[in-house]
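In what follows, a structure is listed as structure tokens, so that the remarks can point back to it.
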Amino acid sequence: MKPVITRFAPSPTGTLHIGGLRTALFNYVYSKQNNGKFLIRIEDTDRERSTKEFEKNILDNLSSIGLAPDEDPINQSERNEIYVKAAEKIIESGKAYWCDCSPEDLELMRKEQTEAGKKPMYDGRSRNLGLPKTDKTVLRLATPESGEIVVKDLIRGEIKFNNNELDDLILLRSDGTPTYHLCNVVDDFEQKITTVIRGEDHISNTPRQIHIQNALDYPELEYAHLPLVLGTDKKRLSKRNAATSLEEYREKGYLDSAIINALARLGWSQGNNEVFYLTDLIKEFNIKDVQKAGAIFDISKLDWLNSQHLANLTLNQFKKNLEPFLNKINIDMESHSNVDSLIEAMRTSSDTLSGIAQSLIPYYQDINEYDEKAIDKFISDKNLLMQLRDLIDGINDWNLDSIESSLTNFQAENKLSTPAVNQPIRIALTGSTKSPGLGLTLTFFSKKTVLERMDKLLDKKS
RNA sequence: GUCCCGUUCGUCUAGAGGCCUAGGACACCGGGUUUUCAUCCCGGCAACAGGGGUUCGACUCCCCUACGGGAUGCCA
């Protein structure tokens with residue numbers, strides 16, 4: 001079996017977005033499960049929009065999420081001579097020619113074709129003119145006028161294109177620089193790529209690229225065109241309909257492994273399983289099982305997957321992942337006297353790390369906001385709150401057992417329901433009716449702090 | 001317009017002609033556990049785009065229509 005070599009070829013015109021990440025993921029997984037290599041090629045031939053910052057962002061993010069390439073990435077902007085040399089080879093073989101049509105000529109031509117109800121495409125008017133190269137000519141590929149190209153796609157089977165649907169595409173611009181299709185084909189050959197896995201928006205590019213390969217006598221490649229990731233409006237995922245940047249998801253507190261999991265499940269599934277890690281994917285993934293239709297990215301599924309991945313972490317791993325989110329809101333996680341117990345009790349309080357960090361605030365900082373509805377519901381009787389304050393003041397051994405027995409005794413003596421006793425205290429401590437078991441919650445605070453917060457609520461009520 | 005790709009619950013999907021009374025998961029709704037919340041457990045709701053064929057039988061095969069997406073650049 002020949003080794004599989006795949007590549008991810010981003011244009012550095014923006015930060016790494018999750019659609020691109022998914023393409024990279026499938027490329028990575030497919031190569032790894034075939035003991036092959038995963039490469040990266042930066043397609044930065046669009047000098048206007050490409051930046052080094054975006055390039056660094058893409059590369060850093062891929063590596064940090066676990067999709068590091070097996071070789072140093074190459075930049076197309078540095079490989080001009082290679083492409084020009086390839087173009088010369090095509091000229092020598094007679095499969096390319098110079099064309100002096102101006103952009104204005106072409107625009108007019110397309111307009112006339114459209115008005116005549118035809119498909120706008122270059123009509124090959126310079127094809128047999130034998131024009132010389134000048135600073136106004138572009139090099140065009142002489143595409144076969146009949147016959148067909150069959151693209152063999154791992155996901156979609158055979159896709160046929162009539163050659164007469166394709167026009168003579170430009171290989172070299174009038175300024176001598178190579179175009180996307182030429183660079184792409186030459187680099188896939190130079191990097192010894194065996195399998196091209198990319199978005200389905202490239203399907204119709206494929207026959208064009210195969211013609212260039214043929215003109216250059218390059219070997220055939222294997223293709224797999226992935227369905228696109230869509231927003232909730234069923235349109236291609238973009239900044240307009242969703243958060244697209246990987247960084248945004250990380251900042252919201254989604255684990256890398258959960259993001260990978262969600263992206264893999266978009267278009268692919270395996271039995272009734274939902275939770276997958278990268279290592280599972282390398283074992284289980286099969287590119288032939290990938291769905292053909294575009295998939296809407298559903299954030300609630302990501303939320304749930306995140307909660308599953310969070311639950312699978314050991315306490316120490318969990319703390320390590322949570323810490324930056326607490327630091328961001330100026331909380332020193334370890335400053336709490338009972339950290340491990342607190343974090344363990346609170347780790348299911350939200351699906352995201354930022355949400356969990358938020359819900360931890362009352363345990364580290366003074367509270368100023370209260371759930372007013374909860375106050376109305378549970379603290380109509382200020383006397384009870386004062387009694388409870390005194391009860392707590394009277395607890396001498398500040399530990400779980402004695403706190404709990406004091407509370408239950410009080411409840412029994414006064415014939416009160418549990419919420420009647422517990423919720424006022426909870427509100428005083430956290431501002432809301434949500435917290436772990438009340439006895440446990442109380443141990444997360446010093447007796448002094450508990451009294452202070454109860455006094456504060458009493459003040460508020462008066 | 002033309003070419004190409006696609007179309008199963010709200011969403012992600014299972015389904016390779018009878019196993020389908022179309023399965024699972026998320027979301028949602030209801031119940032249980034939890035003194036609250038979350039977790040967890042149980043239950044419920046909910047789909048084969050439409051029309052023709054082929055076949056004893058079609059979610060599965062073929063054709064047409066509709067709808068969605070992509071391409072049609074001296075962008076990538």
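Chain identifiers are assigned alphabetically (A, B, ...) following the order of the sequence lines, protein sequences preceding nucleic acid strands; residue numbering begins at 1 within each chain.
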The side chain of [X] lies closest to which of these nucleotides: [options]?
X: A:Glu200; options: B:U11, B:C5, B:U36; result: B:C5
X: A:Thr348; options: B:A38, B:C74, B:U13; result: B:A38
X: A:Ser269; options: B:C75, B:A14, B:A27; result: B:A14
X: A:Ser435; options: B:C74, B:U36, B:G70; result: B:U36
X: A:Pro103; options: B:U13, B:A76, B:C74; result: B:C74
X: A:Ile203; options: B:A25, B:G70, B:C4; result: B:C4

Under 4.0 Å between any heavy atoms, over every strand shown, what does [X] touch: base, sugar-phosphate, or nothing? Just pick one.
X: A:Pro207; value: nothing
X: A:Asp201; value: sugar-phosphate
X: A:Ser300; value: sugar-phosphate
X: A:Gln113; value: nothing
X: A:Glu344; value: nothing
X: A:Cys101; value: base
X: A:Thr114; value: nothing
X: A:Phe297; value: nothing
X: A:Gln423; value: sugar-phosphate
X: A:Gly439; value: base

Go ahead and name the base partner of [N]; Watson-Crick or wobble counts if both distances stay under 3.5 Å, otherwise write none.
N: B:C61; value: B:G53
N: B:A46; value: none
N: B:A66; value: B:U7
N: B:C20; value: none

[N] OP1/OP2 closer than 4.0 Å to side-chain N/O of [X]:
X: A:Thr179; N: B:C74; answer: no
X: A:Lys235; N: B:G69; answer: yes
X: A:Arg110; N: B:C74; answer: yes
X: A:Thr45; N: B:A76; answer: yes
X: A:Lys234; N: B:U7; answer: no
X: A:Arg347; N: B:U39; answer: no
X: A:Gln76; N: B:C75; answer: no

Looking only at atom [atom1], what distance separates [N] and [M], rounded to whole Å?
N: B:G10; M: B:A47; atom1: C1'; value: 10 Å
N: B:C67; M: B:G31; atom1: P; value: 44 Å
N: B:C61; M: B:A14; atom1: P; value: 14 Å
N: B:U34; M: B:U39; atom1: C1'; value: 9 Å
N: B:A76; M: B:G70; atom1: C1'; value: 15 Å
N: B:G51; M: B:U7; atom1: C1'; value: 15 Å
N: B:C59; M: B:G18; atom1: P; value: 11 Å
N: B:G24; M: B:C62; atom1: P; value: 29 Å

Rounded to whole Å, please give me the gap between [atom1] in [X] and [atom2] in [N].
X: A:Leu139; N: B:G73; atom1: CG; atom2: C1'; answer: 17 Å
X: A:Asn162; N: B:U72; atom1: CG; atom2: P; answer: 18 Å
X: A:Tyr122; N: B:C3; atom1: OH; atom2: P; answer: 23 Å
X: A:Asn205; N: B:G73; atom1: CG; atom2: P; answer: 11 Å
X: A:Glu55; N: B:A76; atom1: CD; atom2: P; answer: 16 Å
X: A:Arg41; N: B:A76; atom1: CZ; atom2: C1'; answer: 11 Å
X: A:Met121; N: B:C4; atom1: CE; atom2: P; answer: 13 Å
X: A:Leu438; N: B:U34; atom1: CG; atom2: P; answer: 16 Å

Quiz item: [X] side-chain donor-acceptor pair to [N] base, under 3.5 Å:
X: A:Lys301; N: B:A27; value: no
X: A:Ser174; N: B:C74; value: yes
X: A:Ser204; N: B:A71; value: no

Could you check whether the rings of A:Tyr364 and A:His336 sit parallel, tilted or perpendicular, using 30° and 60° as the cut-offs?
->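 Correct class here is perpendicular.
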Mind telling me whether A:Trp268 and A:Phe285 have parallel, tilted or perpendicular rings, with 30° and 60° as the class edges?
->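 Ring orientation of A:Phe285 relative to A:Trp268: tilted.
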NZ/NE/NH1/NH2 to OD/OE distance under 4.0 Å, [X] and [Y]:
X: A:Glu372; Y: A:Lys460; result: yes
X: A:Asp201; Y: A:Arg236; result: yes
X: A:Asp123; Y: A:Arg125; result: yes

Can a donor-acceptor pair be found, under 3.5 Å and without considering hydrogens, that links the side chain of [X] to the backbone of [Y]?
X: A:Asn306; Y: A:Leu302; value: no
X: A:Asn164; Y: A:Ser146; value: no
X: A:Gln209; Y: A:His181; value: no
X: A:Asp44; Y: A:Thr51; value: no

Specify the residue among A:Glu158 and A:Gly437 whose closest nucleotide of RNA chain B lies further upstream toward the 5′ end.
->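 Its nucleotide being nearer the 5' end, the pick is A:Glu158.
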Residue whose closest nucleotide on RNA chain B lies nearer the 5' end, A:Arg265 versus A:Ser102 =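 Between the two, 5'-proximity favours A:Arg265.
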Mind jotting down which residue pairs meet the salt bridge (charged side-chain N to carboxylate O under 4.0 Å, His left out) criterion with at least one end in residues 138-152 of chain A? Sequence neighbours excluded, please.
->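 Residue pairs passing salt bridge (charged side-chain N to carboxylate O under 4.0 Å, His left out), neighbours aside: A:Lys152-A:Glu220.
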Validation row, ring centre A:Tyr254 to ring centre A:His309 under 6.0 Å |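 No, the ring centres sit 6.0 Å or more apart.
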Proximity to RNA chain B (any heavy atom under 4.0 Å), residues of residues 163-173 of chain A only =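 The stretch gives A:Glu165, A:Ile170, A:Arg173 as the residues lying under 4.0 Å from the strand, ordered by number.
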Nearest-0.5 Å distance that lies between atom CD1 in A:Ile425 and atom OG1 in A:Thr430 |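 Answer for the CD1-OG1 pair, A:Ile425 versus A:Thr430, is 11.5 Å.
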